[in-house]
Amino acid sequence: MMQWNRLVGTFRISLKSDKVWPNDKLNHKNYLLDLSVAFNSDYRRVIKSDSFRRLQDKTQVFPLERNDFVRTRLTHSLEVAMHTRDLLIGVISKLNKKGIKIDELNESFRLLETAALIHDIGNPPFGHFGEEAIRIWFSKKGELLPCWSSFTEQQKEDFLRFEGNAQTIRLLTKLHNDNGSSETGMNLTASTLDAVIKYTAGADQVDKKDLLMKKVGYFYSEEKVFKNIKFVTGTTGNRHPLVFLLEAADDIAYTFSDIEDAYNYGLYSYRKLKSFIDEKTGTNRFLVNDGSEAASIQDFLRETQKKVYQSASKIFVDHYDEIMSGTFHEEIINEECDEVKCFHALKEFSYEYIFQTKTILDQEVLGFNIINRLLDEFVPVVLKYDKEPMNKYEERLFNNFPRSAEELYKRETESCSEIDKDYYRLKMAVDFVCNMTDGYAKKLHDTLFN
């Protein structure tokens, strides 16, 4: 069984310490205060960071959109943070009614808020299609690179199965450099870091049938730091229990906000949504029009969301023992009730009538072409770094990389083989693209190539 005095702790993995994990800290009267101080510190580090601010110009659904009412990654993350509080309140209340009182859980609000703020911080520009663009580029051109055949399967799959989730851990522990050095990343607590790790698989271990393994959880480059995080929190081979709440909050946030944004954008009508939901759920008690379509949709979304909160917190508590033992491998929004059926119907509606519209597909193609061209130009350049001379054009391109990228490369390749150095050279290019906002990626592309 996982233990809360390890799951929720103050230990920062970047600090060098020979001490054994202090299991007796619950006996110290200042222990809970120490937790509060540590998690408030994490929260401030995130809020003040460049990486967090970049989310204001990263796509949630609509790439390169300038209309104020459309969510960005920043506003999405703020909404996820709000939803985590509501879910955690529900879980604590239901656990208390069963006679289960957990001091650390009461101190986890700030931890979960911070995890929500950073859960998408490693995503590239142009939303999830940005991730797909990176995967497609390496699937088409990876084998043409001279170093590719010498990589291990895991190293290849890091690029072929590129994931923003794994890039988040890389950014938080290595790439972040607000103070001029990325040596310690953001130096967050292991508990906060573990609360954003949805998946436990390396890139060569992905298993679509297993919730914990269906996507890449960490890259080869962060395998050691990943294992350190999991060891400190006592979750090796398992999800941190708070991840279930974060994942549910994320699902709630994007499902309802995507429907709202798309209506404001004019991508569907009230009648289309109502008929779809009624057909999929077999009900006719949702979306009663009171004369204002927009108000009816808002009321419907708000009431459904409230019921989904209650359902998700109930499932978490009902399966609490399984979650704590690491044997629960399902999502917690899965109750067989009308509200959850409606929630899943909204997801289907989004895919069919929002994500597949020409407006979004055209914007995604634009984003894809920008990332594709940037990788076309920057990958050959980084593969020359620290190995062979660059011509004037290549030097000009490489000068766009921040100094911190070179510093990180030197730390990661100390005592490395030449093949591993090529892996980390490719990492430089992917890291550079991932750190870009939508606007910066387009501006750099247009400046260099148009």
Side-chain angles (χ1 to χ4, degrees), residues 2-12 31-47 49 52 55 73-96 100-122 165 168-169 172 186 188-199 229-230 232-235 238-257 305 308-317 319-320 323-324 328 331-333:
M2 289 177 274
Q3 302 297 319
W4 283 107
N5 63 331
R6 288 189 67 176
L7 291 167
V8 180
T10 62
F11 194 86
R12 300 181 189 277
Y31 172 61
L32 297 180
L33 177 61
D34 289 344
L35 289 180
S36 178
V37 170
F39 299 143
N40 278 323
S41 175
D42 283 355
Y43 181 80
R44 287 193 298 271
R45 291 172 197 221
V46 170
I47 291 293
S49 70
F52 178 67
L55 295 177
R73 285 281 175 192
L74 179 64
T75 50
H76 166 71
S77 298
L78 292 170
E79 289 181 355
V80 176
M82 173 187 69
H83 295 317
T84 60
R85 290 190 65 85
D86 292 334
L87 285 168
L88 186 54
I89 288 170
V91 165
I92 291 173
S93 174
K94 288 177 174 62
L95 285 174
N96 286 345
I100 303 173
K101 188 175 185 300
I102 304 162
D103 289 333
E104 291 89 348
L105 208 52
N106 288 312
E107 295 298 326
S108 295
F109 285 98
R110 185 63 89 190
L111 186 165
L112 256 180
E113 281 183 319
T114 305
L117 297 181
I118 59 178
H119 80 284
D120 277 345
I121 207 167
N165 296 292
T168 289
I169 297 302
L172 294 173
M186 278 195 197
L188 303 177
T189 60
S191 295
T192 296
L193 292 169
D194 202 9
V196 299
I197 297 176
K198 290 184 178 182
Y199 310 106
I229 292 168
K230 304 301 279 184
V232 167
T233 59
T235 61
N238 299 313
R239 262 186 173 180
H240 193 295
L242 294 180
V243 173
F244 289 96
L245 299 183
L246 175 63
E247 183 176 54
D250 188 20
D251 282 356
I252 290 169
Y254 76 72
T255 298
F256 290 102
S257 64
Q305 190 177 96
V308 173
Y309 279 148
Q310 296 167 2
S311 174
S313 58
K314 176 181 180 297
I315 294 296
F316 184 96
V317 173
H319 294 275
Y320 176 75
I323 288 172
M324 293 303 292
F328 185 74
E331 296 177 354
I332 60 173
I333 305 180

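FYI, the numbering just counts along the sequence from 1.
At least one donor-acceptor pair closer than 3.5 Å links the side chain of K230 to the backbone N or O of N238. A donor-acceptor pair under 3.5 Å is absent between the side-chain atoms of S41 and the main chain of V37, judged by distance alone. A side-chain donor-acceptor contact under 3.5 Å links T84 to the backbone of A81.
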### Test log, rule side chain to side chain contact (heavy atoms under 4.5 Å, CB included), inputs L246 and H119
CA-CA 9 Å; L246 175 63; H119 80 284; 4.1 Å; yes

### Query
Given the rule in the side chain to side chain contact (heavy atoms under 4.5 Å, CB included) test, do L188 and I118 qualify, once you have shown the distances and angles that lead to the verdict?
CA-CA 11 Å; L188 303 177; I118 59 178; 3.9 Å; yes

### Message
I'd like to know whether F39 forms a side chain to side chain contact (heavy atoms under 4.5 Å, CB included) with S191, so could you lay out the CA-CA distance, the side-chain angles of the two residues, the decisive distance to 0.1 Å, and finally the verdict.
### Response
CA-CA 9 Å; F39 299 143; S191 295; 4.2 Å; yes

### Task
Show your working on side chain to side chain contact (heavy atoms under 4.5 Å, CB included) between N165 and Y199 and close with a plain yes or no.
CA-CA 8 Å; N165 296 292; Y199 310 106; 3.6 Å; yes

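Between I121 and M186, the closest side-chain pair of non-hydrogen atoms falls below 4.5 Å. Residues Y254 and V80 fail the side-chain proximity criterion, which asks for heavy atoms closer than 4.5 Å. At least one side-chain heavy atom of V91 sits under 4.5 Å from a side-chain heavy atom of V317. Side-chain contact between I197 and R239 is absent, with no heavy-atom pair separated by less than 4.5 Å. Residues D251 and I333 are in side-chain contact: their nearest non-hydrogen atoms beyond the backbone lie under 4.5 Å apart. Side-chain contact between L112 and R85: absent, with no pair of heavy atoms (C-beta onward) separated by less than 4.5 Å. Counting heavy atoms from C-beta on, the side chains of P241 and Y320 never come closer than 4.5 Å. In this structure, L95 and K101 have side chains that are not in contact, with every pair of non-hydrogen atoms separated by 4.5 Å or more.
Looking only at atom types and distance, the side chain of T233 has a donor-acceptor partner in the side chain of T235 under 3.5 Å away. Between the side chains of H83 and D250, no donor-acceptor pair of N or O atoms lies under 3.5 Å.
Aromatic ring pairs are classed by plane angle as parallel below 30°, tilted from 30° to 60° and perpendicular above 60°; the pair H240 and W4 is perpendicular.
We find the OG-CD distance between S257 and Q305 to be 9.0 Å, quoted to the nearest 0.5 Å. For the atom pair S49 OG and L55 CG, the distance stands at 8.0 Å (nearest 0.5 Å). The structure places CG of L88 at 10.0 Å from OG of S313, a figure rounded to the nearest 0.5 Å. In this structure, NZ on K314 lies 9.0 Å from NZ on K94, to the nearest 0.5 angstrom. Atom-to-atom distance recorded for L111:CG and T189:OG1 is 5.5 Å, nearest 0.5 angstrom. Separation of atoms OG1 (T10) and CG (D34) is listed at 6.0 Å; rounding is to 0.5 Å.
Side-chain rings of F328 and F244 approach one another, their centers coming within less than 6.0 Å.
Nearest heavy-atom pair, V243 versus A195, reported as atom, atom and distance to 0.1 Å: CG2-O, 3.5 Å.
The only option from D194, L87, T192, L105 that meets the side chain to side chain contact (heavy atoms under 4.5 Å, CB included) definition with L242 turns out to be L105.
Between D42 and R110 no salt bridge is recorded (no basic side-chain N to carboxylate O distance below 4.0 Å).
Scanning for ring pair (Phe, Tyr, Trp, His ring centres under 6.0 Å) contacts around F52 gives an empty result, with sequence neighbours left out.
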